[in-house]
Trainee: 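Just dropping this structure here.
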Amino acid sequence: MTTPAGSGAGFGSVCWWGLSPALDLQAENSGSPNVPTAQRQGARALQCPSSPRTSNPRMHRGSAPLGTQAPRPPVDPDSQADTAHKTPELDVLLLGSVDGRHLLRTLARAALWPRRRFNFYVLENNLEAVARHMLIFSLALEEPEKMGLRERSEAFLEVWGNALLRPPVAALVRAQAERLANLVPEPDRLAEQLPWLSLRALKFRERDALEAVFRFWSGGERGPEAFPMSRLWDSRLRHYLGSRYDARRGVSDWDLRMKLHDRGAQVIHPHEFRRWRDTGVAFELRDSSAYHVPNRTLASGRLLSHRGERVAARGYWGDIATGPFVAFGIEADDQSLLRTSNGQPVKTAGEITQHNVTELFREVAAWGRPRAAQGDKEEELRLEPQPWTSASARESFTVHFLALGSAQTLHHKRCYQGRFQLLYVACGMVHLLGPELGACVSPGGNLVVELARYLVDLRPEQLQAFSAQVSELAREAGFAPQTGASPSETFARFCKSGDSAPSGQDPAVESEPAPGEVLACPLEVVSVPRADPAPATGSPRLSSQPQDSSAEVPAPPQEALTTESPAQNLESAPTPDQAPHP
C-alpha cells in the first residue's frame with residue numbers, strides 16, 4: 001500500500017538540523033580536503049587550470065572534515081603577523097546551513113591554520129532558523145565562568161535536536177530568548193554585547209519579526225498549549241505513515257537498517273532512532289521522565305487552507321524521517337569511538353554526538369591551544385600556541401545574516417560581486433543555485449553542495465538524479481568539478497573557472513553600494529513551505545524551481561494546529577514593508 005512514506009514527505013518543509021557531517025570550511029576552501037598536503041599542492045593546477053586563485057596564497061593545506069585523519073597543516077610563524085597591517089580574510093556564503101555546524105567546526109579548527117578573519121554570510125529561508133543560529137552561537141560562546149563546558153554541550157544537544165526539554169534547559173532558553181529579544185531592536189547594544197553578529201542586512205520588518213520569534217520563545221504567550229509539541233509530533237507522524245502508523249516500529253527499523261546503515265550511518269542505534277521517531281527526543285541525557293517541556297525553537301508558521309480560508313498556523317513542519325544524528329554523530333576525529341565489536345558499533349550516535357560537541361566547545365573556548373594528535377606528546381610540545389585568547393577569538397569572525405529571498409539579487413551589489421572564496425549550498429536550497437550566485441564567487445573559488453544521501457525517503461535512482469541535477473546547475477552557474485577531490489556521496493565539490501566570471505558591469509549594479517546593505521526580493525515571492533503531501537505514487541519533485549508561494553495546501557487535523565496572527569510569522573504571512581525606523 002502506498003503511503004506518504006517514500007514520497008519525500010518525511011523531510012518536511014522546514015529544516016532544523018543538518019543532513020550531512022560538519023565541515024571545516026578552511027579545508028574546503030583549500031580545494032580537496034581529503035588529499036594529503038604534498039599531493040594537493042601538486043594537484044592545484046589540475047583543479048581550475050584557467051583560473052588563478054584569489055585566496056591567500058600562503059594558506060596551508062591539510063585540515064580534514066570531521067572523522068578524517070589527514071596530515072596536520074604546518075603553522076607558518078610569519079603568517080601570525082598581519083600582512084601589510086591587515087589580517088587575511090575568508091569570505092564564505094552559506095545557503096541553508098541551518099544549525100551552524102560548519103561554522104562551529106571551522107572555528108574549532110582555526111588554531112590549526114594560519115591566522116585569518118572569517119566573514120560568514122548566512123542566508124536562510126525562514127527567520128526561525130536565523131533565531132536558532134543566534135541562540136546556538138550564544139550558547140557556544142558563553143563565558144566558561146558563567147556556564148560550564150558540560151552544561152553548555154548538554155543544553156546545546158537538547159535545544160538543537162530534542163522536541164522536548166528538561167525544565168532547567170527550558171528556563172535557559174527563555175532567559176537567552178528574552179535577552180536576544182531586547183538586543184535585536186537596539187543595534188548599538190547588540191554590537192557591544194554580541195560583536196560577532198551582524199543584522200544590518202536584514203530589513204526592518206524582518207528584525208521586527210525576529211524579535212517576535214524571540215518573544216514567543218521567552219514565553220510571552222500562554223503556557224504549554226501555545227505549542228503542544230507532543231500532539232503536533234504525533235499528528236505529523238500519523239500523516240506521514242498513514243496506514244502504516246500501527247507498524248511504525250517496523251517502519252523505523254526498516255528505514256534505519258536498510259537505508260541509513262547502508263548509506264554509512266551504522267553507528268545509529270535502533271533504540272535511539274526508534275525513540276526519536278516516536279517522541280522526538282534524540283538525546284536522552286537524563287531520565288526519560290525529565291523531558292516534558294515543549295521545545296519552542298522548533299516551532300514555525302505557515303499559511304494553510306482551512307474550510308476555504310487561508311489561515312496562519314503554528315506547528316512542527318520539520319524532519320521526522322532522518323533525525324539529527326548525522327551532523328555530529330556518524331564521524332569522529334577519535335577513531336576509537338567508531339570501532340566495532342562482533343560487527344556492532346561500541347558507541348551510539350548519541351554518545352559520539354555528545355563527545356564531538358563537547359570537543360567543539362572546548363576548542364572554541366581555548367582557541368589559542370592547538371590540539372595535538374591523540375597521545376603524541378612530542379607534537380603537542382612542538383606546536384606553539386597562537387596569540388589568540390578566548391575573548392579576541394570572538395572578534396576574529398563575524399556572522400552576517402542576509403535578508404530572506406536575497407539569493408537572486410546579491411550580484412546586483414558591487415560589494416558582493418566576486419567576493420566569496422567559498423559558496424556552500426544545502427540540499428534544500430539547491431534550486432537557488434544559478435549564474436546569479438556564481439557571479440558572487442571569485443574566480444578560482446570553490447562550491448560545496450550538500451547531497452541528499454541521508455534522506456531516507458529517496459530511492460537510489462532518485463539520489464542519482466538529484467546528483468546529476470546538482471552537476472547541471474553548477475555547470476550553468478559557471479563551476480566545474482574539482483578534479484583533485486575524492487569522490488563523495490555526501491557532498492559535491494566544484495570550482496569556478498576564470499572564464500565564467502562576468503565580463504563588464506551589470507547595468508543593475510549600483511554605483512555607490514552601501515556597506516553591509518543587501519537587496520532582497522519582496523517576501524511575497526519567498527516560497528512558503530507546503531504541507532505534507534497526500535499519498536502519492538510518484539517520485540518526489542526534484543525540480544530546481546522554487547515552490548509557488550501562492551499555492552494553497554490542505555490543513556492537517558485542526559487539533560494539531562495552534563493559530564496565530566499572520567503578523568507573527570513573516571514567512572507565512574507576508575506583510576507590506578514597514579517604514580524605516582527613524
Trainee: Could you check whether any side-chain heavy atom of Val169 comes within less than 4.5 Å of a side-chain heavy atom of Asn162, counting everything from C-beta outward?
Mentor: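 No; the side chains remain at least 4.5 Å from each other.
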
Trainee: Taking all atoms of both residues into account, what is the closest heavy-atom pair of Pro294 and Leu164, and its distance?
Mentor: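 Scanning both residues, the minimum pair turns out to be CA-CD2, 4.1 Å.
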
Trainee: Do Val122 and Ser97 have side chains that approach each other closer than 4.5 Å (heavy atoms only, starting at C-beta)?
Mentor: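 They are in contact (side-chain heavy atoms under 4.5 Å apart), so the answer is yes.
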
Trainee: Could you pull out the closest heavy-atom pair between Ala321 and Trp276, with the gap in Å?
Mentor: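 Closest heavy-atom pair between Ala321 and Trp276: N-CH2, 3.5 Å.
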
Trainee: Less than 4.5 Å apart, side chain to side chain, heavy atoms only: is that true for Ser138 and Trp196?
Mentor: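 Side-chain contact under 4.5 Å: yes.
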
Trainee: List the steps, then state whether salt bridge (Lys or Arg N to Asp or Glu O under 4.0 Å) holds for Arg215 with Glu211.
Mentor: CA-CA 6 Å; Arg215 295 294 181 192; Glu211 179 186 358; 3.4 Å; yes

Trainee: If we ignore hydrogens and angles and just use 3.5 Å, is the side chain of His400 paired with the main-chain N or O of Arg200 as donor and acceptor?
Mentor: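 No, the answer is negative, given that no donor and acceptor are paired below the 3.5 Å cut-off.
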
Trainee: What pair of heavy atoms forms the shortest contact from Ala177 to Ser218, and how long is it?
Mentor: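 Between these two residues, the closest heavy atoms are CB-N, 3.8 Å.
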
Trainee: With rounding to the nearest 0.5 angstrom, report the CZ to NE2 distance, Phe120 to His102.
Mentor: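 Output value for this atom pair is 11.0 Å.
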
Trainee: Do the side chain of Glu124 and the main chain of Val98 share a donor and acceptor less than 3.5 angstrom apart?
Mentor: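 Pair found, side chain donor or acceptor close to backbone of Val98.
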
Trainee: Has the side chain of Glu158 got a donor or acceptor atom that lies under 3.5 Å from a matching backbone atom of Leu165?
Mentor: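 Pair absent, no side-chain N/O of Glu158 close to backbone of Leu165.
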
Trainee: I need the Leu135 CG to Leu139 CG distance, nearest 0.5 Å.
Mentor: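 That separation rounds to 5.0 Å.
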
Trainee: So for atom CZ, which belongs to Arg249, do other residues, nucleotides or ligands contribute more than 12 heavy atoms lying within a distance under 6.0 Å?
Mentor: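 No.
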
Trainee: What are the two closest non-hydrogen atoms of Leu432 and Ala407, and how far apart are they?
Mentor: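 Scanning both residues completely, I find the closest heavy atoms to be CD1-CB, 4.0 Å.
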
Trainee: Any Lys/Arg nitrogen of Arg189 or Glu192 sitting under 4.0 Å from an Asp/Glu carboxylate oxygen of the other?
Mentor: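 Not counted as a salt bridge, because no side-chain N and carboxylate O are separated by less than 4.0 Å.
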
Trainee: With side chains defined as the heavy atoms from C-beta onward, is the minimum distance between Val159 and Ile136 less than 4.5 Å?
Mentor: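 In short, these two side chains do not touch, never coming nearer than 4.5 Å.
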
Trainee: Is the backbone of Gly301 close enough, under 3.5 Å, to the side chain of Arg314 for a donor and an acceptor to pair up by distance?
Mentor: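 No, the answer is negative, given that no donor and acceptor are paired below the 3.5 Å cut-off.
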
Trainee: List the atom of Ala9, the atom of Arg236, and the distance in Å for their closest heavy-atom pair.
Mentor: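 That closest heavy-atom pairing would be O-NH2, 3.5 Å.
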
Trainee: Is Arg277 close to Asp255 at the side-chain level, that is, under 4.5 Å between some pair of heavy atoms?
Mentor: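 Of all side-chain heavy-atom pairs linking Arg277 with Asp255, at least one is under 4.5 Å.
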
Trainee: Assess whether side chain to side chain contact (heavy atoms under 4.5 Å, CB included) is satisfied between Trp16 and Asp319, documenting all intermediate values.
Mentor: CA-CA 7 Å; Trp16 295 126; Asp319 172 34; over 6 Å; no

Trainee: Under 3.5 Å, side-chain donor or acceptor atoms of residues 343-352 against the rest of the protein: list the pairs with distances, not counting sequence neighbours.
Mentor:
from: Thr348; atom 1: OG1; to: Glu351; atom 2: N; distance (Å): 3.3
from: Glu351; atom 1: OE1; to: Thr348; atom 2: N; distance (Å): 3.1

Trainee: More than 12 non-hydrogen atoms from neighbouring residues, nucleotides or ligands closer than 6.0 Å to CZ on Arg150, yes or no?
Mentor: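 Counting neighbours around CZ of Arg150, 12 or fewer heavy atoms of other residues, nucleotides or ligands fall under 6.0 Å, so no.
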
Trainee: Under a 4.5 Å cut-off applied to non-hydrogen side-chain atoms, are Leu360 and Phe328 in contact?
Mentor: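 Yes, side chains in contact.
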
Trainee: Any heavy-atom pair between the side chains of Leu90 and Gln26 that's under 4.5 Å?
Mentor: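 Yes; the side chains approach each other to less than 4.5 Å.
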
Trainee: Quick one: does NZ or CZ of Arg296 land under 6.0 Å from the six-membered ring centre of Phe227, within 45 degrees of the ring axis?
Mentor: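 Not flagged: Arg296 not positioned over aromatic ring of Phe227.
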
Trainee: Between Arg132 and Glu128, is there a salt bridge with N-O shorter than 4.0 Å?
Mentor: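 Between Arg132 and Glu128 there is no salt bridge, as every charged N stays at least 4.0 Å from the carboxylate O atoms.
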
Trainee: Looking just at side-chain N and O atoms, do Arg263 and Thr490 make a donor-acceptor pair shorter than 3.5 Å?
Mentor: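 Looking only at side-chain atoms, Thr490 and Arg263 do not form any donor-acceptor pair under 3.5 Å.
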
Trainee: So Asn119 and Asp91, do their side chains get closer than 4.5 Å, heavy atoms only?
Mentor: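 SC-SC contact between Asp91 and Asn119 confirmed.
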
Trainee: Could you walk me through whether Glu331 and Arg101 satisfy the salt bridge (Lys or Arg N to Asp or Glu O under 4.0 Å) test, starting with their C-alpha distance in whole Å, then the side-chain angles of each, then the deciding distance to 0.1 Å, before giving a yes or no?
Mentor: CA-CA 13 Å; Glu331 295 182 355; Arg101 67 192 185 281; over 6 Å; no

Trainee: Quick one: pull up CG in Leu94 and CE in Met429 and give me the separation to the nearest 0.5 Å.
Mentor: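 That separation rounds to 10.5 Å.
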
Trainee: What's the separation between atom CG in Asp457 and atom CZ in Phe11, rounded to the nearest 0.5 Å?
Mentor: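 Asp457 atom CG to Phe11 atom CZ measures 10.5 Å (nearest 0.5 Å).
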
Trainee: Stepwise, does the side chain to side chain contact (heavy atoms under 4.5 Å, CB included) test hold for Arg152 with Leu149?
Mentor: CA-CA 5 Å; Arg152 270 186 295 144; Leu149 179 63; 3.8 Å; yes

Trainee: Would you give the length of the straight line joining atom CG of Leu422 to atom CD of Glu28, rounded to the nearest 0.5 angstrom?
Mentor: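 The CG atom of Leu422 sits 7.0 Å away from the CD atom of Glu28.
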
Trainee: Just jot down the ring pair (Phe, Tyr, Trp, His ring centres under 6.0 Å) partners of His133, sequence neighbours excluded, or say none.
Mentor: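 For His133, the residues satisfying ring pair (Phe, Tyr, Trp, His ring centres under 6.0 Å) (neighbours in sequence not counted) are Phe401.
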
Trainee: Test of understanding: with ring pair (Phe, Tyr, Trp, His ring centres under 6.0 Å), list the residues that count as partners of Phe491, not counting sequence neighbours.
Mentor: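 Phe491 satisfies ring pair (Phe, Tyr, Trp, His ring centres under 6.0 Å) with no other residue.
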
Trainee: Take Phe137 and Leu103 through the side chain to side chain contact (heavy atoms under 4.5 Å, CB included) test and state the conclusion after the steps.
Mentor: CA-CA 10 Å; Phe137 267 85; Leu103 279 62; 3.5 Å; yes

Trainee: Dump the intermediate steps for side chain to side chain contact (heavy atoms under 4.5 Å, CB included) on Leu180 and Leu210, then the final yes or no.
Mentor: CA-CA 10 Å; Leu180 293 173; Leu210 186 62; over 6 Å; no

Trainee: Using modelled atom types and a 3.5 Å cut-off, is there a donor and acceptor pairing between side-chain atoms of Tyr291 and backbone atoms of Arg286?
Mentor: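 Indeed, once roles are kept as given, a pair shorter than 3.5 Å links the two residues.
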
Trainee: Between atom NZ of Lys259 and atom CZ of Arg453, what is the distance when rounded to the nearest 0.5 Å?
Mentor: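 The CZ atom of Arg453 is 15.5 Å from NZ of Lys259, to the nearest 0.5 Å.
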
Trainee: Using the six-membered ring wherever Trp is involved, compare the ring planes of Phe273 and Phe325 and label them parallel, tilted or perpendicular (cut-offs 30° and 60°).
Mentor: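 Answer is tilted, since the angle falls between 30° and 60°.
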
Trainee: Report the residues that fulfil side-chain contact (heavy atoms from CB on, under 4.5 Å) with Asp278, sequence neighbours left out, ordered by chain and then residue number.
Mentor: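 Only Arg248, Arg274 meet the side-chain contact (heavy atoms from CB on, under 4.5 Å) criterion with Asp278.
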
Trainee: Grab the two heavy atoms, one from Leu19 and one from Gly323, that are nearest each other, plus how far apart they are.
Mentor: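 Heavy atoms of Leu19 and Gly323 come nearest at CD2-O, 4.5 Å.
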
Trainee: What do the steps show when you test Asp234 against Arg238 for salt bridge (Lys or Arg N to Asp or Glu O under 4.0 Å), and what is the final call?
Mentor: CA-CA 6 Å; Asp234 185 71; Arg238 287 176 180 273; 2.7 Å; yes

Trainee: Name all residues meeting the ring pair (Phe, Tyr, Trp, His ring centres under 6.0 Å) criterion together with Phe214; count only those two or more places apart in sequence or in a different chain, and write none if there are none.
Mentor: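 For Phe214 the ring pair (Phe, Tyr, Trp, His ring centres under 6.0 Å) partners, ignoring immediate neighbours, are Trp217.
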
Trainee: Among all residues two or more places apart in sequence or in another chain, which pass the ring pair (Phe, Tyr, Trp, His ring centres under 6.0 Å) test with Phe156?
Mentor: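 By the ring pair (Phe, Tyr, Trp, His ring centres under 6.0 Å) rule, Phe156 matches Trp160, Phe361.
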
